[in-house]
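Pasting a structure below so you can have a look.
What's counted below: heavy atoms across the whole structure, side chains too, no hydrogens, waters or symmetry copies.
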Amino acid sequence: ENGLRRPGSRVERRCGNPLSRTRFPGHAHFQTFPEIDPGCSLIGPGDPPPWMSYNDHGSTPVLLVADHASPYFPAALNQLGLADWVLERHVAWDIGVDELVRALADELDAQAVLAGFSRLIVDPNRQPDDPGAIPEISDGIAIPGNIGLTDADKALRIRSFFKPYHDAISERLEAFEARGITPALIAVHTCTPEFDRIIRPWHIGIMWDKDPRIPLQVWRHFQASGDVCVGDNEPYSGRHPHDFTIDFHAEPHRLPHIGLEVRQDLVADRAGARRWAGILAGALRGALQDENLYCPLPDGAESPLVLTPR
């Protein structure tokens, strides 16, 4: 067991949990930051928190999550021995996803949870025991602070960063459940316009596995409009065996869900993020406004293998 709380479980919170909040320029709602007891983790005073929430009182039964929303490191980890320029690369975070998710939360009036730490510390969208969760090399860049870690070192990172982030997601899903609501979970990522010298033509990628309820509606919306290039499980697939967030929080409980990838060059500044948040919201609203969506996936309602014929 990885020690994470699943939706519906009740565990005592071990670290301090008072909250502070701020409002970002151009956004309609507050972002909330947990206060961390430095005796509990690698995170000390003045360090970025393991998670942040946005629009905690959103009115829609939807939770947005951003696994790779931050390029930051706590002082105790000494930036894993990396030069500053690495923090500006996609290996450290999903460039633009923080602004994109806050703007999408504004559009949908939805709650959001964003990771507050670099994916190079521990990737919150990988199984904790996956070798890629704490990579020694990422896209050809050596990560000195990840080399030669003991099992205890890895466990401390999971306890300090990975677990609090996923517990924050579980708490919000539990809050919906306590009100008799089956929420939708939307995981948002951004990707590079090219990778390994291969150009990625897709503006948006839809990541999904067995539940077609939201993905099919979004696919049909973009096919009807014709001006957005959409990938069906491209450039990444929702069927990847090592992904974690949707596999852990949504699929076992048959919650409606979708993963979205947006190309980073489209959302690299605030104007681009707000524009594409509006485009995504327009595609999502058709599904999210259907009251019949908010129930566990019925038995026998699993999807075809693709959204469109090959």
Checklist entry - Honestly, is Arg239 close enough over Trp208, meaning NZ or CZ under 6.0 Å from the six-membered ring centre and within 45° of the axis? => result yes
Checklist entry - Quick one: does Gln127's side chain have a donor or acceptor within less than 3.5 Å of a partner on Asp130's backbone? => result no
Checklist entry - What do the steps show when you test Arg270 against Glu99 for salt bridge (Lys or Arg N to Asp or Glu O under 4.0 Å), and what is the final call? => result CA-CA 7 Å; Arg270 180 177 296 172; Glu99 192 73 24; 3.4 Å; yes
Checklist entry - Counting N and O atoms only, with roles assigned by atom type, does the side chain of Asp269 sit under 3.5 Å from a partner on the main chain of Gly272, one being a donor and the other an acceptor? => result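 A pair under 3.5 Å: yes.
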Checklist entry - So among Leu77, Val91, Ile143, which one has a side chain to side chain contact (heavy atoms under 4.5 Å, CB included) with Leu82? => result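 It is Ile143; the other options fail the test.
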Next on the checklist: Please determine whether the number of non-hydrogen atoms from other residues, nucleotides or ligands lying under 6.0 Å from atom CG of Asp151 exceeds 12.
Outcome noted: no
Checklist entry - Looking at side-chain heavy atoms only, is the closest gap between Arg254 and Asp211 below 4.5 Å? => result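 A side-chain contact under 4.5 Å is absent here.
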Checklist entry - Do the side chains of Leu284 and Ile206 join up, straight or via other hydrophobic residues, at under 4.5 Å, putting them in one cluster? => result yes
Item to check | Donor-acceptor contact below 3.5 Å, side chain Asn78 vs main chain Leu80 | outcome: no
Checklist entry - Is there side-chain contact between Ile204 and Glu261, with heavy atoms separated by less than 4.5 Å? => result no
Next on the checklist: Return the CE to CD1 distance between Met207 and Ile258, rounded to the nearest 0.5 Å.
Outcome noted: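 These two atoms lie 8.5 Å from each other.
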Next on the checklist: Whether the side chain of His203 engages the backbone of Cys229 through a donor-acceptor N/O pair (distance < 3.5 Å, no angle test) should be reported.
Outcome noted: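 The answer is yes, because a donor-acceptor pair under 3.5 Å joins these two groups.
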Checklist outcome for this item: When every non-hydrogen atom of Pro235 is compared with those of Trp202, the smallest separation belongs to CB-CZ3, 3.7 Å
Next on the checklist: Tell me the closest heavy-atom pair linking Pro48 and Phe73, and the distance in Å.
Outcome noted: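 Residues Pro48 and Phe73, closest heavy atoms: CD-O, 4.2 Å.
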Next on the checklist: Minimum heavy-atom separation for Asp67 and Ala115, please, with both atom names.
Outcome noted: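 Taking Asp67 first and Ala115 second, the nearest heavy atoms are O-CB, 3.2 Å.
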Checklist entry - Would one find more than 12 heavy atoms of other residues, nucleotides or ligands at under 6.0 Å from atom CZ of Arg285? => result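 Yes, enclosed.
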Item to check | Note, Leu42 side chain near Phe117 side chain (heavy atom, < 4.5 Å) | outcome: no
Next on the checklist: For the CG atom of Leu216 and the CG atom of Asp232, what is their distance to the nearest 0.5 Å?
Outcome noted: 10.0 Å
Checklist entry - Heavy atoms, side chains only, cut-off 4.5 Å: are Leu173 and Leu255 in contact? => result yes
Item to check | Closest non-hydrogen atom pair, Pro50 against Ile43 | outcome: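 Nearest heavy atoms, Pro50 then Ile43: CD-CD1, 3.5 Å.
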Next on the checklist: My understanding is that only one of Arg200, Arg89, His90 makes a side-chain hydrogen bond (donor to acceptor under 3.5 Å, both in side chains) with Thr192; could you say which?
Outcome noted: Arg200
Checklist entry - Relative to the ring of His166, is the ring of Phe162 parallel (under 30°), tilted (30 to 60°) or perpendicular (over 60°)? => result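 The arrangement is tilted - the two ring planes meet at 30° to 60°.
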Checklist entry - Rounded to the nearest 0.5 Å, what separation is found between the CD atom of Glu107 and the CD1 atom of Ile279? => result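 If we round to the nearest 0.5 Å, Glu107:CD and Ile279:CD1 are 10.0 Å apart.
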Item to check | ILVMFWY network linking Ile186 to Tyr236, side-chain heavy atoms under 4.5 angstrom | outcome: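 Looking at the clustering, Tyr236 is in a separate group from Ile186.
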Item to check | Straight-line distance of Leu104 CG to Leu260 CG, nearest 0.5 Å | outcome: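 If we round to the nearest 0.5 Å, Leu104:CG and Leu260:CG are 8.0 Å apart.
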Next on the checklist: I'd like to know if Leu288 and Val262 are part of one continuous hydrophobic network [Ile/Leu/Val/Met/Phe/Trp/Tyr, side-chain heavy atoms within less than 4.5 Å].
Outcome noted: yes
Checklist entry - Rounded to the nearest 0.5 Å, how far apart are CG of Leu100 and CG of Leu280? => result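 Leu100 atom CG to Leu280 atom CG measures 6.0 Å (nearest 0.5 Å).
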Checklist entry - Can you tell if the side chain of Leu156 reaches within under 4.5 Å of the side chain of Phe161, non-hydrogen atoms only? => result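 No, too far: nothing below the 4.5 Å cut-off.
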Checklist entry - Between Asp109 and Thr60, do the side chains contain an N or O donor and an N or O acceptor separated by less than 3.5 Å? => result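 No pair is found: no donor N or O on one side chain lies under 3.5 Å from an acceptor on the other.
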Next on the checklist: Could you report the tightest heavy-atom contact between Pro135 and Gly132, atom names first, then the distance?
Outcome noted: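 Closest heavy-atom pair between Pro135 and Gly132: CD-O, 3.6 Å.
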Checklist entry - Under a 4.0 Å N-O cut-off, is there an ion pair linking Arg126 with Asp243? => result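 Salt bridge flag = yes for Asp243 with Arg126.
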Checklist entry - Looking only at side chains, do Ser170 and Asp167 share a donor and an acceptor under 3.5 Å apart? => result no
Next on the checklist: Under the criterion side chain to side chain contact (heavy atoms under 4.5 Å, CB included), I'd like the reasoning laid out for Glu251 against Asp209: C-alpha separation, chi angles, the key distance, then a yes or no.
Outcome noted: CA-CA 9 Å; Glu251 290 181 350; Asp209 189 359; 3.6 Å; yes
Next on the checklist: Test your reading of the model: is there a side-chain donor-acceptor pair from Asn55 to the backbone of Ala110, 3.5 Å cut-off?
Outcome noted: yes
Item to check | Check: Asp56 main-chain N/O paired with Ser53 side-chain donor or acceptor under 3.5 Å | outcome: no
Next on the checklist: I want to check something: taking the side chain as every heavy atom from C-beta on, are Leu185 and Phe176 in contact at a cut-off of under 4.5 Å?
Outcome noted: no
Item to check | Donor-acceptor contact below 3.5 Å, side chain Ser70 vs main chain Gly116 | outcome: yes
Checklist entry - Given Asp94 and Arg119, is the salt bridge (Lys or Arg N to Asp or Glu O under 4.0 Å) satisfied, shown in steps? => result CA-CA 9 Å; Asp94 282 357; Arg119 67 198 300 176; 3.0 Å; yes
Next on the checklist: Is a donor from one side chain sitting under 3.5 angstrom from an acceptor on the other, for Asp247 and His242?
Outcome noted: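 No pair is found: no donor N or O on one side chain lies under 3.5 Å from an acceptor on the other.
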Item to check | Joint cluster assignment, Phe248 & Ile134, ILVMFWY side-chain distance < 4.5 Å | outcome: yes
Checklist entry - side chain to side chain contact (heavy atoms under 4.5 Å, CB included) between Val65 and His249: does it pass, once the steps are laid out? => result CA-CA 11 Å; Val65 296; His249 292 287; over 6 Å; no
Checklist entry - Below 4.5 Å, heavy atoms only, C-beta onward: do Asp98 and Arg102 meet side chain to side chain? => result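 Sidechains of Arg102 and Asp98: in contact.
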Item to check | Smallest separation among heavy atoms of Gly286 and Gln217, with atom names | outcome: O-NE2, 4.1 Å
Checklist entry - Does Ser225 use its side chain to pair, donor to acceptor, with the backbone of Phe222 at less than 3.5 Å? => result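 It does hold such a pair.
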Next on the checklist: Contact between Leu149 and Arg157 at the side-chain level, heavy atoms closer than 4.5 Å - yes or no?
Outcome noted: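 The answer is yes, as the side chains (C-beta and beyond) meet within the 4.5 Å cut-off.
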Checklist entry - Does Ala75 offer a backbone N or O that forms a donor-acceptor pair with the side chain of Asp47 under 3.5 Å? => result yes
Checklist entry - When you look at Leu87 and Gln79, which way does the side chain to side chain contact (heavy atoms under 4.5 Å, CB included) test go after all the steps? => result CA-CA 9 Å; Leu87 277 63; Gln79 211 164 282; 3.6 Å; yes
Checklist entry - Just how far is it from atom CD of Glu194 to atom CD of Gln264, taken to the nearest 0.5 Å? => result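 Spacing of CD (Glu194) from CD (Gln264) equals 11.5 Å.
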Next on the checklist: Under 3.5 Å, is there a donor on one side chain and an acceptor on the other for Asp106 and Tyr54?
Outcome noted: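 Checked: Asp106/Tyr54 side chains pair up, N/O donor to acceptor below 3.5 Å.
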Checklist entry - Is there a path from Trp93 to Ile141 through hydrophobic residues (I, L, V, M, F, W, Y) whose side chains come within less than 4.5 Å of each other? => result no
Checklist entry - Has Tyr72 got more than 12 heavy atoms of other residues, nucleotides or ligands less than 6.0 Å from its OH? => result no
Checklist entry - Would you find a donor on one side and an acceptor on the other, under 3.5 Å apart, between the side chain of Arg263 and the backbone of Pro193? => result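 Looks like no, no N/O pair under 3.5 Å.
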Item to check | Derivation of the side chain to side chain contact (heavy atoms under 4.5 Å, CB included) call for Met52 and Val113 | outcome: CA-CA 6 Å; Met52 306 160 286; Val113 176; over 6 Å; no
